[in-house]
Amino acid sequence: MKTLSVREQFEILSQGVLDLVTPDDLLAKLEKSNQTGKPLLIKYGADPSRPDIHLGHAVCFLKMRQFQDLGHEVVFVIGDFTARIGDPSGRSAVRSPLTKEEVEVNARTYKEQVDKILNPAQTRVVYNADWLEPLTLREVVRLGAQFTVAQMLERDDFQKRFAGKVPIYLHEFIYALMVAYDSVALNCDVEMGGGDQLFNFLVGRDLMRCFGQEPQVCLTMPILEGTDGQAKMSKSMDNYIGVTDSPEQIFGRVMSVPDEVMGHYWTYLNLATPAEWARLKEGIDREVLHPRTVKLDLAQRIVTWLHSAEEGKRRREEFEKVFTRKEAPSEICERVVSLPLDLASFLVSEGLVESKSEVRRLLKQAGIRLDEQPIPYSEHPTLNQFQDGAVLRVGKKKFLRLRKA
RNA sequence: GGCGAGGUACCCAAGCGGCCAAAGGGGUCUGACUGUAGAUCAGCUGGUGUAAUGCCUUCGGGGGUUCGAAUCCCUCCCUCGCCA
């Protein structure tokens with residue numbers, strides 16, 4: 001397809017991947033597609049109970065986009081079957097089952113976000129309940145007969161939990177089989193996901209063989225660290241940057257990423273080639289480039305990508321204004337208030353602070369300011385006067401402009 | 001089915017009749033320093049507030065003993081392990 005040779009396609013597609021099982025299979029599939037003119041089917045399993053897409057997902061989507069640009073087709077498998085059953089194993093969160101309607105709403109939200117990165121014309125959405133629901137117990141048991149418990153326990157996650165005496169539920173094995181069966185149902189060519197999915201993908205590969213299909217290529221991408229630089233990016237860790245977050249949020253969150261993982265953001269998100277990043281890194285190490293500047297560039301690039309060049313520039317200026325020069329942001333929510341103002345109740349009702357006790361705590365620690373002057377602690381903090389347009393600031397990031405009635 | 005070990009706040013984990021809103025660590029948050037990074041230091045970390053040895057909620061659920069229970073008893077639920 002297009003003007004690129006199979007070899008060139010392969011080079012592009014295999015760049016930056018974490019696992020590729022196997023390179024030869026991918027080459028063969030590309031070759032076949034090239035000859036028959038039939039696009040490859042790229043599968044991606046989406047969890048409809050978590051419709052928020054963040055930069056961690058984007059690492060995969062960008063790779064999928066490359067496939068699309070080479071003429072291939074992406075299929076999102078919405079895991080509505082499992083979502084509608086619910087997952088009782090979650091120790092922390094009790095994942096309650098979703099209704100059909102909720103799944104549909106989430107799937108639509110999902111698609112909208114995905115369209116920011118992928119080409120909608122080459123993106124298909126399917127629901128796995130369509131083929132999982134009709135399976136009989138007989139068929140499920142037969143699927144189970146293809147694998148041994150020892151094979152299942154090979155999965156890193158299971159192994160750790162088993163060793164750590166953390167419960168592993170039987171249905172988790174079954175879920176792994178179902179993900180694999182999705183691949184059979186679709187007869188897909190490539191399955192894509194994060195590095196932690198490799199095991200599931202390999203199960204799919206084996207299962208396809210059992211069904212006499214050409215086994216899928218398993219392609220995983222490196223996991224992007226969250227803004228804490230530690231755990232992988234995820235909503236539950238609250239260390240994520242959503243693709244639909246506001247430009248301001250995105251910019252701020254990127255700036256809070258530790259320097260050590262900044263390179264991953266640059267390279268995993270295709271904002272720099274490894275060579276380009278190496279050059280930036282060298283500049284930082286030789287102290288000709290300030291790491292902050294490199295991060296500002298990064299934040300600007302990401303905002304530009306997910307919003308617009310104009311926003312990117314604006315956000316950068318705004319950031320420098322607020323945090324480098326410590327000025328108030330140019331856009332602040334305004335509230336008309338009347339005096340005297342019960343500060344604690346006001347801050348809580350405005351949602352700036354969780355509770356009145358916290359207001360007290362913040363006051364004690366000089367964390368609430370009026371026009372950059374810390375408000376002194378008192379048991380019943382009351383504002384008796386202020387200049388019209390004065391700026392109330394809570395911590396580093398929350399601002400509110402006060403207007404007189 | 002039998003035996004044993006467990007279930008404590010956002011997470012890990014101590015406590016095992018009152019001084020327990022519950023040690024310690026991690027994380028969050030605030031302040032200093034700074035580059036809204038990291039490191040470091042200091043502080044905070046259930047709510048309410050006539051400010052207090054007060055009240056309400058919180059030590060798996062329910063019930064009981066007691067002036068008083070995270071702590072003792074009963075019962076139920078759940079997890080882990082060993083043996084069947």
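Order of the sequence lines fixes the chain letters, A, B, ..., with proteins taken first and strands second; residue numbering starts at 1 for each chain. Side chains included, hydrogens not; waters and symmetry mates left out as well; all remaining heavy atoms used.
Atoms CD (A:Glu358) and P (B:G49) sit 15 Å apart, rounded to a whole Å. The CG-P distance, from A:Leu170 to B:U79, rounds to 13 Å in whole Å. The nearest whole Å value for the distance from the CZ atom in A:Arg253 to the P atom in B:U28 is 12 Å. The CD1 atom of A:Ile168 sits 9 Å away from the P atom of B:C80 (whole-angstrom rounding). Distance, A:Glu225 CD to B:A37 P: 18 Å, rounded to whole Å. A:Asp297 places its CG atom 14 Å from the C1' atom of B:G35, with the value rounded to the nearest Å. In this entry the distance linking NZ of A:Lys397 with P of B:G31 reads 10 Å, nearest Å. Between the CG atom of A:Leu352 and the P atom of B:U30 there is a distance of 12 Å, rounded to whole Å.
Taking a 6.0 Å sphere around CD of A:Gln146, one finds it holds more than 12 heavy atoms contributed by other residues, nucleotides or ligands. At most 12 non-hydrogen atoms from other residues, nucleotides or ligands lie less than 6.0 angstrom from CD of A:Gln230.
B:G68 makes up no base pair with any nucleotide shown, lacking Watson-Crick or G-U wobble contacts both under 3.5 Å. Searching all strands for a Watson-Crick or G-U wobble partner of B:U53 with both distances below 3.5 Å returns nothing. Using the Watson-Crick or G-U wobble rule with both distances under 3.5 Å, B:G35 pairs with nothing in any strand shown. Of the nucleotides present, B:C80 is the one that pairs with B:G4 by Watson-Crick or G-U wobble criteria, both distances under 3.5 Å. With a cut-off of 3.5 Å on both Watson-Crick or G-U wobble distances, the partner of B:A42 is given as B:U30.
As rounded to the nearest Å, B:G68 and B:C29 have P atoms that lie 42 Å from one another. Look at the C1' atom in both B:G81 and B:U71: the space between them is 26 Å, to the nearest Å. Spacing between B:C76 and B:C10 at atom C1', rounded to whole Å, works out to 28 Å. Comparing the same atom, C1', in B:A84 and in B:A9 gives a spacing of 40 Å after rounding to whole Å. Separation of the P atoms belonging to B:G26 and B:A21 is 25 Å when rounded to the nearest angstrom. A gap of 7 Å separates the C1' atoms of B:C11 and B:G27, to the nearest Å. Here, B:C33 and B:A39 have their C1' atoms 11 Å apart, quoted to the whole Å. A distance of about 36 Å separates the C1' atoms of B:C74 and B:G25, rounded to the whole Å.
When the nucleotides B:A51, B:A37, B:G47 are ranked by their closest atom to the side chain of A:Lys396, B:A37 comes out on top. Picking from B:U30, B:G35, B:U34 the nucleotide with the shortest atom distance to the side chain of A:Leu362 gives B:U30. Closest to the side chain of A:Pro258, from the set B:A51, B:G38, B:G47, is B:G38.
Counting any heavy atom pair closer than 4.0 Å across all strands shown, A:Arg369 reaches sugar-phosphate atoms only and no base atom. Residue contacts shown for A:Gly395 are limited to sugar-phosphate atoms, with no base heavy atom under 4.0 Å away. Within the nucleic acid shown, A:Lys364 has no heavy atom closer than 4.0 Å to any nucleic acid atom. As judged by a 4.0 angstrom heavy-atom cut-off over every strand, A:Ser355 is placed among residues touching the sugar-phosphate backbone only. At the heavy-atom level, A:Thr293 lies nowhere under 4.0 Å from the strands shown.
Judged by distance alone with a 3.5 Å cut-off, no donor-acceptor contact links the side chain of A:Arg361 to the base of B:G43. With hydrogens and angles left out, the side chain of A:Asp259 and the base of B:G35 share a donor-acceptor pair within 3.5 Å. Between the side chain of A:Gln365 and the base of B:G43, a donor-acceptor pair under 3.5 Å is found. A donor N or O paired with an acceptor N or O is found under 3.5 Å between the base of B:A51 and the side-chain atoms of A:His380.
Remark: side-chain polar atoms of A:Tyr265 are not paired, donor with acceptor, to backbone N or O of A:Val257 under 3.5 angstrom. Judged purely by atom type and a 3.5 angstrom limit, A:Gln122 uses its side chain to pair as donor or acceptor with the backbone of A:Gln68. Here the side chain of A:Arg369 pairs no donor or acceptor atom with the backbone of A:Val394 at under 3.5 angstrom.
In this model, the phosphate group of B:U48 is approached by a side-chain N or O of A:Ser357 to a distance below 4.0 Å at OP1 or OP2. In terms of phosphate contacts, A:Lys356 brings no side-chain nitrogen or oxygen within less than 4.0 Å of OP1 or OP2 of B:A51.
When side chains are defined from C-beta on, A:Leu13 does not count as touching A:Leu20, because their heavy atoms never get closer than 4.5 Å.
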Is there a side chain to side chain donor-acceptor pair (under 3.5 Å) between A:Gln197 and A:Thr220 once you walk through the steps?
CA-CA 7 Å; A:Gln197 295 295 313; A:Thr220 66; over 6 Å; no
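Checking A:Val348 against A:Ile368, the closest nucleotide of RNA chain B that is more toward the 5' end is the one next to A:Ile368.
Ring centroid separation for the pair A:Phe76 and A:Phe61 comes in under the 6.0 Å cut-off.
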